[in-house]
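First up is the structure itself, then whatever we jot down about it.
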Amino acid sequence: MAALPTVSTRSVLPDLSDDVCARLREAFRRTSYDADGVVAALGGAAHAALGRGEPVPAERASRDAGDLGTLIRLFLLGGTEPETAVKAAFAPLSPEDAVAAGVLSSAAEGYRAALDIRPHGDDEGSWWVVSDLDADVLGTTVPEDHVLGVGHASLSLIRATSRRPVGTLLDLGTGNGVQALHATRHAQRVTATDVSERALSLAAATFRLNELDVELVRGEWFGPVARRKFDQVVCNPPFVVGPARVDYTYRDSGLAGDDASALVVRQLPGFLNEGGVGQLLASWVHTGKEDWADRVSRWLPAETDAWFVQRDVADPALYVGTWLRDAGLDPRSPEGRAKAAAWLDWFAANDVRGIGFGFVTLRRASGRTPTVVCEDLRQAYDDPLGPEAAGWLDRVEWLRESGDSLLDVRFVVPDTVLLESVEEPGDEGWATQIRRLHRTDGPGWQHEVDDLAARLLAGCRGALPLEDLIELLAFSQGLDASELAATALPVVRELVRHGMLVPAGR
């Protein structure tokens, strides 16, 4: 990989006015340049290849797609298209007006895309998201004020966000506006902020192009919405961990280490209405001095329910190389070597042995004893985490309200929960080594249980309260019922939190 030339921060903002957006939208609708239209034109195999960064199958499939194919090659493949084809595809927006607005740029053999404008959909329909061209298309490293497209982090937060209806929602650090787009499905009023003027400009274009009314405010962190409160806050912050610098505003906060994530976690609950929910991506360092769960728990303000879900822990060297390539820097180039050395020196000086990454769900719980859980979720799963996060909050609230009365509850093991066993041969036949509860839906939680717990759960069919089941089990095993209850209740609470044991009738 050859080193890409470095460019300075942009100074010219695109001008996607109401008129330009109206004509561009008409062209997109006429050509079916939307999420379903692109898949239909390319076919499943070529579309999947494009998602893997393999453009040739998509380029070939687009040749027979007419005006839609022109738009695909311009915006999704970074190609140059002749003037006649561009005129036909963009009508009623002329190529000259598209260049003036910053959508296209003139090239020797026609026109190229000057912005990344691509369809993005959900189960209810399709939008267009406006962002900057990435380093591969630009042929340079991206500028400091680069506005990222819809990447893996954005998509993971979209899937991890609760979509229960709310009145007001804040998208903190909106970037290209994709989180706010999804928020308009379930929030009556959406406010989006960003420190970057360019990000706000492109987010405004995204909302204008999709005919959505989103309030946009510029400023750092929570400053633009001081003294305001919201029913929900979502945030994909600049969470990259490292020295206190800003190479790129979309990922670097100017704060050292994991201070950016700590700042959001610490301040976000103060901007929630009572019972309001905040959800964000975050990073935290792993050091030899403390457990990561202890570290992130100290970030929390009082009276805040919190669920920290760690999805990955990256090796420092791998982490640095990944983010260098993300910006289009070759780690082997002089600039790449210098930045990697400074980054790794900082990690070594601060005893950083790993960088954790995951999701954080927060809820304001004034006047109540908060629940704080930090856990790993490393396995792959298919279901989105958003409904699980909302369910987790419900179950935590139910446990808090139930207090010491769990023994009176009739519980049921859902049909989606299985008991697995791992056995090995012995002199007297197969001997069970591991018993594991496995929830087959949601994030696929797993819990190892002993023989007594398995026997207790076998009785949880909704007929008898937990206290009776414990007494029957204690009698059959010659155990003290009160001691067995004291051992069983923490296990029951954990299984309830993970949706592996539910009150009958719920």
Side-chain angles (χ1 to χ4, degrees), residues 13-18 20-29 31-39 42 47 50-51 53 58 68 71-78 90 93 98 101-104 113-138 142 145-159 161 169 171-187 190 192-194 196-214 216 234-236 249-251 281 326:
L13 296 176
D15 183 20
L16 275 72
S17 64
D18 288 340
V20 168
C21 284
R23 286 186 281 163
L24 194 57
R25 183 169 55 248
E26 183 177 342
F28 288 169
R29 287 175 173 167
T31 59
S32 296
Y33 184 62
D34 54 38
D36 291 338
V38 170
V39 174
L42 298 182
H47 188 261
L50 182 60
L68 175 57
L71 296 175
I72 289 172
R73 290 189 295 276
L74 278 170
F75 289 119
L76 304 186
L77 300 175
F90 273 74
L93 182 66
V103 174
L104 296 177
L115 290 172
D116 186 308
I117 305 178
R118 65 181 59 212
H120 171 76
D122 65 2
D123 292 339
E124 298 182 41
S126 181
W127 301 286
W128 301 282
V129 177
V130 183
S131 62
D132 280 320
L133 302 173
D134 62 25
D136 290 339
V137 176
L138 286 173
V142 297
D145 62 350
H146 177 76
V147 179
L148 199 65
V150 182
H152 292 300
S154 296
L155 291 172
S156 65
L157 181 58
I158 287 165
R159 289 171 56 83
T161 299
L169 182 144
D171 176 14
L172 184 73
T174 192
N176 60 42
V178 68
Q179 303 299 328
L181 281 183
H182 284 267
T184 61
R185 298 287 199 213
H186 72 281
V190 178
T193 70
D194 207 290
S196 165
E197 182 182 9
R198 185 172 184 84
L200 287 181
S201 176
L202 297 192
T206 293
F207 303 141
R208 199 176 296 126
L209 190 56
N210 292 286
E211 300 181 281
L212 294 173
D213 182 18
V214 174
L216 284 166
V234 296
C235 181
N236 182 4
T249 54
Y250 73 87
R251 72 177 204 193
L281 299 178
D326 175 78

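Index from 1, following the sequence. Note that the structure is predicted; figures quoted are calculated from it, not measured.
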Nearest 0.5 angstrom please: S154 OG to L148 CG, how far?
6.5 Å
Those residues at least two apart in sequence (or on a different chain) that pass side chain to side chain donor-acceptor pair (under 3.5 Å) with R118 are D116
Taking C-beta and beyond as the side chain, do V103 and P14 meet within less than 4.5 Å on heavy atoms?
no
If you apply the rule side chain to side chain contact (heavy atoms under 4.5 Å, CB included), what do you find for W127 with T206, and how did you get there?
CA-CA 8 Å; W127 301 286; T206 293; over 6 Å; no
Please examine the side chains of L172 and V234, heavy atoms only from C-beta on, and report whether any two atoms are closer than 4.5 Å.
no
Closest non-hydrogen atoms of C235 and L157, given as atom of the first, atom of the second and distance, are O-CD2, 3.5 Å
Can a donor-acceptor pair be found, under 3.5 Å and without considering hydrogens, that links the side chain of D132 to the backbone of V147?
yes
Counting distance only, does the side-chain N/O of D194 pair as donor-acceptor with the main-chain N or O of E197 below 3.5 Å?
no
Listed by chain and number, what are the ring pair (Phe, Tyr, Trp, His ring centres under 6.0 Å) partners of F28, not counting sequence neighbours?
Y33, W128
Any heavy-atom pair between the side chains of F90 and L74 that's under 4.5 Å?
yes
With a 4.5 Å limit on heavy-atom distance, are the side chains of H120 and I158 in contact?
yes
Residue pair A183 / L169: nearest heavy atoms and the distance that separates them:
CB-CD2, 3.5 Å
Find the distance between CG (D15) and SG (C21) and round it off to the nearest 0.5 Å.
9.0 Å
Is there side-chain contact between L42 and L50, with heavy atoms separated by less than 4.5 Å?
yes
State, to 0.1 Å, how close S156 and L281 come at their nearest heavy-atom pair, and which atoms those are.
OG-CD2, 3.9 Å
Whether D122 side chain and G125 backbone form a donor-acceptor pair below 3.5 Å
yes
Can you tell me if R25 uses its side chain to pair, donor with acceptor, with the backbone of N210 under 3.5 Å?
no
How close do L181 and T184 get, counting heavy atoms only, and between which atoms?
O-OG1, 2.5 Å
Side-chain heavy atoms of V38 within contact of L76, under 4.5 Å
yes
Could you walk me through whether F207 and L202 pass the side chain to side chain contact (heavy atoms under 4.5 Å, CB included) check?
CA-CA 9 Å; F207 303 141; L202 297 192; over 6 Å; no
Closest non-hydrogen contact found for A205 with L16 is CB-CD2, 3.7 Å
Minimal heavy-atom distance between A114 and G102, with the atoms involved, is CB-O, 3.3 Å
Give the C-alpha distance, both sets of side-chain angles, the deciding distance and a yes or no for side chain to side chain contact (heavy atoms under 4.5 Å, CB included) between T161 and H182.
CA-CA 9 Å; T161 299; H182 284 267; over 6 Å; no
From CA spacing to verdict: side chain to side chain contact (heavy atoms under 4.5 Å, CB included), L212, V190:
CA-CA 10 Å; L212 294 173; V190 178; over 6 Å; no
Is it true that a side-chain atom of N236 and a backbone atom of T174 form a donor plus acceptor pair closer than 3.5 Å?
no
Ignoring hydrogens and geometry, is there a side-chain-to-backbone donor-acceptor pair from S126 to A35 under 3.5 Å?
yes
